[in-house]
Amino acid sequence: MHERETAAVQKRTDPLAIFAGIAFAVSVLLIGYLVFFAGGDTGAPTPVEETPPAVTEPLVPTQ
């Protein structure tokens, strides 16, 4: 009986398990944020805005 009590007291949580739990919680929160609060991205391609025409004549310096 005494051995069980001391074994329960001496049992320690693995630091790697703590780190893995924290990393899992952070990843779940990040995925939840991206799914629900990322600006409502529908996955459609972003439309390209029209750009002004490029200058086709070379610029000659004036004297």
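None of the values given here were measured: they were computed from a predicted structure. All residue numbers refer to positions in the sequence shown, counting from 1.
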Shared ILVMFWY cluster between [X] and [Y], side chains joined below 4.5 angstrom?
X   : Y   : result
Y33 : F36 : yes
L30 : V35 : yes
L34 : I31 : yes

